[in-house]
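Just so you know, ligand 1 is whichever comes first in the structure, and atom 1 is the first atom listed for that ligand. Quick note: residue numbers are just sequence positions, from 1.
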Amino acid sequence: MPVQRLCFGRPLRLQMPPRRFQLLFALSTFFIVTLRLFGPSSSEIPYVDEVTEHLSNFPQPFGPSAHKPPVQPNSTVSSAYRAIEWLADFKWRNPFSSSTTLDENRAVLPPLKERPPIYTFYDARGKQEEAVSEAEHRLILAWRRAWWAQGFKPQVLSRAEAMKHPQYQLVQRLKLESKTELELMKWLAWGHMGGGVLANWLALPMAEYDNPMLSFLRRNEYPVLSRVESLQSGVFFGEAAAVNAAVKKAIDNPLFKNLTANKDKIAALGKKEGGVMVSLLPKNDIAVDSKANGIAYYSTSTITSTYETLAKKITDKTRVEGLEMLASLINSHLHLTFQNIFTEGVSVLKPLPEHTTALMYEAIDIARNLTQCPTSPVPKSCPPNKPKCTPCDPNKPMKLELSTSHKNSSVLYTISTVPHPYTLNLLHYTRDTLDSNFIRRQAARNQWILATTKELLGDKRSGQDRVVHFKEAVAAPLSASNSLWLTAERESQVDLDWIFGFNLPQTASPNNEPSSPDKTSELIIFPRPKPPAPLQNVEVPEEKWIKKEEERLKKAREALKSKNRRMVDIVLMVEQWNLADTEAWKFARAWSARRRVERRKWEDEEKKYAGAESKAGVHSGGGGGGRWSDKI
Ligand SMILES: *[C@@H]1O[C@H](CO)[C@@H](O)[C@H](O)[C@H]1NC(C)=O
Ligand SMILES: *[C@@H]1O[C@H](CO)[C@@H](O)[C@H](O)[C@H]1NC(C)=O
Ligand SMILES: *[C@@H]1O[C@H](CO)[C@@H](O)[C@H](O)[C@H]1NC(C)=O
Ligand SMILES: CC(=O)N[C@H]1CO[C@H](CO)[C@@H](O)[C@@H]1O
């Protein structure tokens, strides 16, 4: 029986561990004590206070003792290097996290932005073929991903939510024909969720992050029940009370008093501008927003009038094929929208370029795929909301360049790799190991952040200013939408498709001409853009030196993972010596870890519903996407 004790009024369970652990514990304590007493001579490794003495231009991160803020739920993920931990707090713009968290490892991130919900309604028709519903799930997945990338929380509703609405029985008793009934079910489900935004799952955001319509929807305040002109019944928004009042009024429509007499009139409702609900309500009950251009709606009429080849395929016989083509078309338009927004192209940051070529592989791989012309069944086509777009021309692909310093432009997409200062020093000084002597006497400090912010902030600004600028670039909403910050020690990237909102092309034409992946495919693939040109005035290293860099990168990864006390101390010393670079690394790492956790958690909640990755045949955590079954 464990002994029950109280600690600060809370019950505390104290239980002696089993014998073998007691022994192990005793042994390891003995070991640690011995190591401390007789371990490596302390003259080699400066103690933390010895190091901090030299840090005159940086604040003392450890102020007077105080209580640490409580650990927030889900704010830690394990990692091969050391746990990634964060605290969400409004003080995230402070240059150094440890002044808020009193914890060297925990980074302060901005509070997680509340994602406004956006709903869609999916009614799996009973006897539908498996392949058709899987194709539909894939389209819904594309819908979820695109809205997620724009900062929303997309949720797929079904009859289950409609049934919970108090008016459900009433609608059932009306015995409506299926189209009208479905439309009312959609509104019942939406009313049950408490209003918000209701979109068709073929209505996707295709615009820059700060597009006025998307910004408005993100505010989650919808004073008037409205729909968007030109999108017919593609998008509605309004508050719960207005939605429920509209449902009530619609049910009371005189047409429903005598269904037999009004059969034809009811059937014709859906054909009118705005669809069934709009026609059932008095004229101005649903306002019309006319200035919106941020959402592309692939309605049947749009597909028929604009993408004929597809319309021909989406018939009963070739439905699956048609839906897959539609999914590819939508993906290509999302990608094209990205390319049209970033008119200055993609910039890969390479701040200390002489010996960091191996550090760039991931970033350049992503950048090349981003600048490749989107794989599409109708390559010259434009999204429905931007009939005058600039289609991608493989002869003039999106610009892709290396840059030594971060630029502040909303039409340039930046991809950067943030290295741990240990990694950077190993590479930059072409060394295989680091020791305190070298770090203190020869290595320059905080070189990475200095170089990265040099063009924007000049030479004179302090490390603190630079860290603040860096954090803004990573995490402020607008600049977060035009940059991607990887960490050098992570070997593969996940969730890129959720960050961009579309799949990056995973195949490219084998030659310089567009081609098809195989004989039967209707898709056109394009050549892969070449790697960016080397920076001017920087010598391009020979292949054998790049191989050396790769080895060093591996060594750095191992050093950071190492539990060897000497190694841990050296890494700690490097961090103390490069506080600003370390802070940047911690911040970027925590930022992307939190993004992953948020996404995973949400996929977990949604996995039962339509459009979940598992239902669309997609394995969670794929890299660039496009793969319906992940090979990793
Ligand atoms: C419905 O309309 C038909 C034809 O106009 C009429 O014969 C019938 O009596 C009406 N039923 C009710 C319940 O009003
Ligand atoms: C970057 O640009 C934005 C808007 O143009 C501006 O508000 C911000 O101060 C700029 N940041 C820097 C560091 O120049
Ligand atoms: C980029 O495309 C290539 C094929 O062209 C593929 O091997 C690679 O995995 C893709 N990378 C990403 C990040 O999508
Ligand atoms: C993904 C994850 O870790 N989710 C957890 C977040 O925290 C809540 C409450 O602490 C847990 O219930 C979740 O399982």
Side-chain angles (χ1 to χ4, degrees), residues 141-142 145-146 149 170 173-177 251-268 328 331-332 334-336 338-339 342 345-349 358-376 379 392 394 397-398 400 413-417 483-518 521 523-532 592 595-596 599 613 618-632:
L141 176 61
R145 229 170 23 200
L170 217 65
R173 262 180 254 133
L174 289 177
K175 301 244 173 311
L176 299 169
E177 52 81 35
I251 298 174
D252 287 341
N253 191 294
L255 282 178
F256 294 147
K257 296 278 167 336
N258 190 336
L259 288 173
T260 19
N262 300 322
K263 197 161 158 263
D264 295 342
K265 277 193 198 150
I266 295 174
S328 302
N331 194 69
S332 76
L334 286 162
H335 188 175
L336 183 70
F338 175 94
Q339 298 192 336
F342 297 104
V346 175
S347 161
V348 174
L349 278 191
L359 207 55
M360 299 291 125
Y361 292 159
E362 279 285 331
I364 289 177
D365 181 49
I366 296 170
R368 286 174 72 188
N369 293 16
L370 267 177
T371 51
Q372 183 176 324
C373 284
T375 300
S376 168
C392 186
M398 197 180 179
L400 164 56
Y413 194 85
T414 302
I415 304 180
S416 168
T417 308
S483 58
L484 178 67
W485 304 82
L486 313 167
T487 44
E489 292 74 18
R490 242 189 114 73
E491 284 163 77
S492 67
Q493 309 302 328
V494 293
D495 281 358
L496 289 176
D497 40 356
W498 292 85
I499 295 171
F500 294 122
F502 53 86
N503 287 327
L504 295 177
Q506 298 296 299
T507 42
S509 185
N511 47 44
N512 287 334
E513 296 300 319
S515 62
S516 268
D518 57 67
S521 175
L523 292 179
I524 308 294
I525 51 174
F526 290 89
R528 191 164 196 229
K530 294 196 174 40
S592 83
R595 180 164 57 190
R596 262 190 334 269
R599 226 276 293 166
E613 289 184 325
V618 177
H619 178 74
S620 173
R627 323 163 187 169
W628 288 336
S629 62
D630 199 322
K631 286 174 240 77
I632 300 169

Heavy-atom closest contact ([X] atom, [Y] atom, distance):
X	Y	result
Asn331	Phe502	OD1-CB, 3.3 Å
Pro505	His335	CD-CE1, 3.5 Å
Ala508	Pro527	CB-C, 4.3 Å

For Pro505, counting its heavy atoms only, list the atoms of ligand 3 lying under 4.0 Å from any of them.
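Numbered from 1, ligand 3 contributes 1 (C), 2 (O).
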
Counting each atom of ligand 3 from 1 as listed, which ones have a heavy atom of Leu504 under 4.0 Å away?
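Going through ligand 3 atom by atom, the ones under 4.0 Å from Leu504 are 14 (O).
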
What is the nearest protein non-hydrogen atom to atom 11 (N) of ligand 1, stated with its residue, atom name and distance?
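In this structure, atom 11 (N) of ligand 1 has Asn258 ND2, 2.8 Å as its nearest protein heavy atom.
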
Just to confirm my output: which protein heavy-atom neighbour is closest to atom 5 (O) of ligand 1, and how far is it?
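Here the closest protein heavy atom is Ala261 CB, 3.8 Å.
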
Winner among Asn369, Leu370, Asp365 once heavy atoms are compared against atom 10 (C) of ligand 3:
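Shortest heavy-atom distance from atom 10 (C) of ligand 3: Asn369.
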
Short check: is a protein heavy atom less than 4.0 Å from atom 14 (O) of ligand 1?
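Yes.
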
Establish whether atom 2 (O) of ligand 1 and some protein heavy atom are separated by less than 4.0 angstrom.
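Yes, there is one.
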
Does atom CG of Asp518 have more than 12 heavy-atom neighbours, drawn from other residues, nucleotides or ligands, at distances under 6.0 Å?
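Buried by this count: over 12 neighbours within 6.0 Å.
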
Would you please say whether a donor-acceptor pair under 3.5 Å links the side chains of Ser483 and Thr414?
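The answer is no; no qualifying pair exists.
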
Between Thr507 and ligand 3, is there a nitrogen or oxygen pair with a distance under 3.5 Å?
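No - when backbone and side-chain N and O of Thr507 are compared with those of ligand 3, no distance drops under 3.5 Å.
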
Any N or O on Gln372 sitting closer than 3.5 Å to an N or O of ligand 3?
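It does not: no N or O of Gln372 is found under 3.5 Å from an N or O of ligand 3.
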
Please evaluate residues Thr417 and Val348 with respect to the criterion side chain to side chain contact (heavy atoms under 4.5 Å, CB included), reporting the C-alpha separation (whole Å), side-chain torsions for both, the decisive distance (0.1 Å), and the verdict.
CA-CA 9 Å; Thr417 308; Val348 174; over 6 Å; no

For a side chain to side chain contact (heavy atoms under 4.5 Å, CB included) with Ser376, tell me which candidate from Ser332, Cys392, Ser328 qualifies.
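Running side chain to side chain contact (heavy atoms under 4.5 Å, CB included) over Ser332, Cys392, Ser328 with Ser376 returns exactly one hit, Ser332.
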
